[in-house]
Amino acid sequence: MTSLAASMVIVPGVVTLLLFLLFTYLYEQSRQQYFGAWQLAWAFYGLHYGLDAWDSFHQPTLLTSFLGSLLLIGMALCIYVSTRLMREKYRPRWDDLALGVAGVALAWWNLRIVTGSGGLSSSTPHPAHLPLDVGMGALLLYCSFYFYRHAHRKNSLAFTLLAVSLALWAVLMIFGE
């Protein structure tokens, strides 16, 4: 594994693990359901980086690429559900299912674009704006606006920082960084 691959997989993986542990601690301290949703989101994100690490050592496959996309969808859905958990207990809703189905469809579309551009090898340039990235960026932007409104109502610096972080993350995803 090259140092570039290590910096692209190991460092974000460690950061993800630390954030997972932070939200585990916050959930254990407060038992707020939205912390549990964030904990699950970071678990999905960490598993995504685990698949990236696997691909660094092995030939990337369509299956690992699709599973990585599904893990990212799970992460984004957990963050989306956390916006609702701040005001009510969890119960499945139609929009959760619709977003999940749309995410799987976008992941499939991504797979078709990547295979159409020459496969999964790292030497093949991929389109900068993949549909799943744009869709997830839009969902994270929605969550950012929700957390910003909540921060404004509660006069909370923590939720303001969370909203700004999600907005920056959404912009990076939308523009393919």
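Just so you know, these numbers use all the heavy atoms, side chains as well, and skip hydrogens, waters and symmetry mates.
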| request: Mind checking the OH-CD1 spacing from Tyr142 to Ile79? Nearest 0.5 Å is all I need. | output: 13.5 Å

| Do Val164 and Tyr146 share a hydrophobic cluster, counting only Ile, Leu, Val, Met, Phe, Trp and Tyr and linking them when any side-chain heavy atoms are less than 4.5 Å apart? | no

| ILVMFWY network linking Leu168 to Ile174, side-chain heavy atoms under 4.5 angstrom | no

| Ring geometry between Tyr34 and Phe159 (parallel below 30°, tilted from 30 to 60°, perpendicular above 60°) | tilted

| said: In the structure I gave you, are the side-chain heavy atoms of Phe147 and Ser82 within less than 4.5 Å of one another anywhere? | reply: yes

| field | Distance, nearest 0.5 Å, that separates CG of Leu77 from CG of Leu72 | value | 11.0 Å

| request: For residues Pro92 and Leu97, determine if any side-chain heavy atom of one lies less than 4.5 Å from a side-chain heavy atom of the other. | output: no

| message | Contact between Asp96 and Arg84 at the side-chain level, heavy atoms closer than 4.5 Å - yes or no? | response | yes

| request: Apply side-chain contact (heavy atoms from CB on, under 4.5 Å) to Leu162 and Trp38, showing your working. | output: CA-CA 12 Å; Leu162 178 62; Trp38 276 88; 3.6 Å; yes

| Quick one: are His150 and Met86 in side-chain contact, heavy atoms under 4.5 Å? | yes

| said: To the nearest 0.5 Å, what is the distance between CD1 on Ile73 and CZ on Phe44? | reply: 11.0 Å

| field | Distance in Å, Leu111 CG paired with Leu63 CG, rounded so as to fall on 0.5 Å steps | value | 9.5 Å

| said: Grouping I, L, V, M, F, W and Y whenever their side-chain heavy atoms are under 4.5 Å apart, do Leu62 and Trp108 come out in a common cluster? | reply: yes

| Side-chain heavy atoms of Leu141 within contact of Phe145, under 4.5 Å | yes

| message | Measuring from atom CZ of Phe35 to atom CG of Leu40, what distance do you get when rounded to the nearest 0.5 angstrom? | response | 15.0 Å

| message | For Trp42 and Tyr45, I'd like to know if the aromatic rings sit close, meaning centre-to-centre distance below 6.0 Å. | response | yes

| query | Any chain of hydrophobic side-chain contacts (each under 4.5 Å) joining Val171 to Leu161? | reply | no

| Would you say Gln33 and Tyr90 make side-chain contact, with heavy atoms under 4.5 Å? | yes

| said: How close do Leu71 and His48 get, counting heavy atoms only, and between which atoms? | reply: CD1-N, 3.6 Å

| request: Check whether any side-chain N or O of Ser69 sits under 3.5 Å from a backbone N or O of Ser65 as a donor-acceptor pair, and report yes or no. | output: yes

| message | With a 6.0 Å cut-off (strictly less than), is the heavy-atom count around CH2 of Trp169, excluding the residue itself, greater than 12? | response | yes

| said: Could you check whether any side-chain heavy atom of Leu106 comes within less than 4.5 Å of a side-chain heavy atom of Asn110, counting everything from C-beta outward? | reply: no

| said: Nearest 0.5 angstrom please: Met136 CE to Leu99 CG, how far? | reply: 12.0 Å

| Where Leu132 and Gly103 come nearest, the two heavy atoms and their spacing | CD1-O, 3.8 Å

| Around atom CZ of Arg31, are there more than 12 heavy atoms of other residues, nucleotides or ligands at under 6.0 Å? | yes

| said: Quick check against the 3.5 Å criterion: does Ser144 have a side-chain atom that pairs as donor or acceptor with the backbone of Leu140? | reply: no

| request: Report whether Tyr148 and Tyr80 are members of the same hydrophobic cluster (ILVMFWY, side-chain heavy atoms less than 4.5 Å apart, transitive linking). | output: no

